[in-house]
Amino acid sequence: MPETISTKPRVRFAPSPTGYLHVGSARTFIFNWLYARHNGGTMVFRLDDTDTERNTDASVQSIIEGLHWLGLDWDENYKQSERLDLHRKSAWAIFDKGLAYRDFTPAHTGDDNQSGAQGAWLFNPGMRELSREESDRRAAAGEPFALRYRVPRGTGRIVSFVDAVYGAQSKAADEIEDFALLRSDGNPTYHLASCYDDADLKITQIIRGQDHLTNTFKHVLIFEGLGATAPQFAHLPLLVAPDGAKLSKRKHGPVVSVTTYRDAGFLPQAFINFLCLLGWSPKNDQDFLKLDEIRSLFTLENVNRANAVVNFSEEAPFDPKAIWLNAEHLRALPVEQFATEIEPFFAKAGFNASKEKIAAVAPLIQERVELLGQAPAAADFFFLPELAPYDVNEMVPKKGDLAMVKTVLAKAREALAEATFEHDALEASLRAAADALGLKAGQMFQPIRVAVCGRKNAPPLFSTLAVLGKEVSLARIAKAEALV
RNA sequence: GGCGCUAUCGUCUAGGGGUUAGGACGUGAGAUUCUCAAUCUUAAAACCCGGGUUCGAUUCCCGGUAGCGCUACCA
């Protein structure tokens, strides 16, 4: 064993499996990962499943699945529920030092929600001062109790720590309540389990949501009781909804779940890029960033302190900037990869699309979709055996009429019958046809485009025709002629 | 209520004692193209309020206000 103590950071992501993977959790994971990988450190995944009432296996699966989708790895795996004995022992060790006491007061119902009544609750009268003998006697008699930390009172003690994001923090111990370490069922609370594990797993930096900033004073006390050096803390500003409230499924729906982004066709790298820009800045005016760039640029010093709004609404469920970033990442993909990325979305949309056909279509739509999920709709006419009914007037070009449409279509069919279905040849043929008719290119192309695509807005005509092939193109033009 | 944190365009942000307060998304206008998209140009758009410090505050300090968080035998 090497004797040198590693100075490499060890960070952890410690979700509670009480729901699907939330975008805020995903961001916390990403920031931890970036910190670890930027500094050559270790990433620990720890399931904080001490709340047996609310934990579900489905949630564990959903979290792991979401993390895998992000494509970011971790090095070590732990489950708090497998370490309960360690937690209990550590609580009693704190008790033995006189830093904790038994509280026999029946559990608070929690429903009354009266924390805002008058003044802060600090401890239950009579319990703190119980003699060791009486405490032991009542416990031995089977009376249930919670184990509480004996927070220093009247000593003028100021609890403090330095947060890597928020700076120096301090709070009078007299303001901190005697929080629980062990519940009356003997199970550890989150605070105890989390701190014990962070100490035991030699976590060097705790990077987590700002909602834990004030809890950290308690944690500092626990590390002290444990006889451990507290790690460095870094709290991240929260992700909030446009109404300023913390994102929640109840209130904001599926937009808070990372699977929603995945299913809509976000690329994980774009999603990561977007999340990183909320509460962190590369400070170089860059917005579009590859994962490698983010990793090399990432520092805790560049993390902001103000909450960031994820700008979504019912009409537009995704933040416009997230969509734009996704479009950018989509365009940056090699076309072959773009093709493989859209494939599952065609299957999901019910198109019987071969790999070859998708590969041919991919370059035509890559620049035209912002989400992978938009691909099938953008390319439907390549796969539909029969075009959906469209308005014939759509074919009428600028300064034209239906008579012009008819002649254009007839001429196009004639020209195309002779043409080789390849981009340049099609262009030459159709432009010549337009000349022959004395029409502008646009006037010639629009009727054809609508005839073969069923709509005005579509990819460039010659490439489209080339992919469609002679047979289909001619058939659709003939059909359009019949409509006029 | 108590304690803690925060405050620059609609949103994400840069900046910082003296600046035309910068960028990005989105929005408007224009250019270009066979339509759309992309691209380019361009416009509108911000320092929460009040004091103090200072020759000078958007920047530093204090107060207010607002928002958020914690205030459980949830995490």
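Below, all heavy atoms of this structure are taken into account, side chains as well, without hydrogens, waters or symmetry copies.
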Within the 4.0 Å heavy-atom criterion, would you say A:Lys440 contacts the bases, only the backbone, or no part of the nucleic acid? nothing

Do A:Phe95 and A:Tyr149 make the cut of ring centroids closer than 6.0 angstrom? no

B:A21 and B:A43: how far apart are their P atoms, nearest whole angstrom? 15 Å

Which part of the nucleic acid, if any, lies within contact of A:Ala308, taking any heavy atom under 4.0 Å across all strands shown: a base, the sugar-phosphate backbone alone, or nothing? sugar-phosphate

Taking B:C34, B:A75, B:C12 as options, the one with an atom nearest any side-chain atom of A:Val309 is B:C12

Watson-Crick or G-U wobble partner of B:C47, both distances under 3.5 Å: none

Whole-angstrom distance between B:U20 and B:C62, as gauged at atom P: 30 Å

Closest listed nucleotide, where the reference is the side chain of A:Asp211 and the choices are B:G4, B:C70, B:C36: B:C70

In this structure, is the centre-to-centre distance between the rings of A:His212 and A:Tyr190 below 6.0 Å? yes

Under a 3.5 Å cut-off for both distances, is B:A29 Watson-Crick or wobble paired, and to whom? B:U41

Looking at B:G2, B:C70, B:A38, which one has an atom nearest to any side-chain atom of A:Glu175? B:G2

Could you check whether A:Leu461 gets within reach of a base, just the sugar-phosphate, or nothing at all, counting any heavy atom under 4.0 Å? base

Side chain A:Ser184 and base B:C73 donor-acceptor under 3.5 Å: yes

B:G15 and B:C3, which share atom name P, separated by this distance in whole Å: 32 Å

Annotated protein contacts, base or backbone, on nucleotides 22-29 of chain B with a non-hydrogen cut-off under 4.0 Å, one of B, S, - each: BBBS----

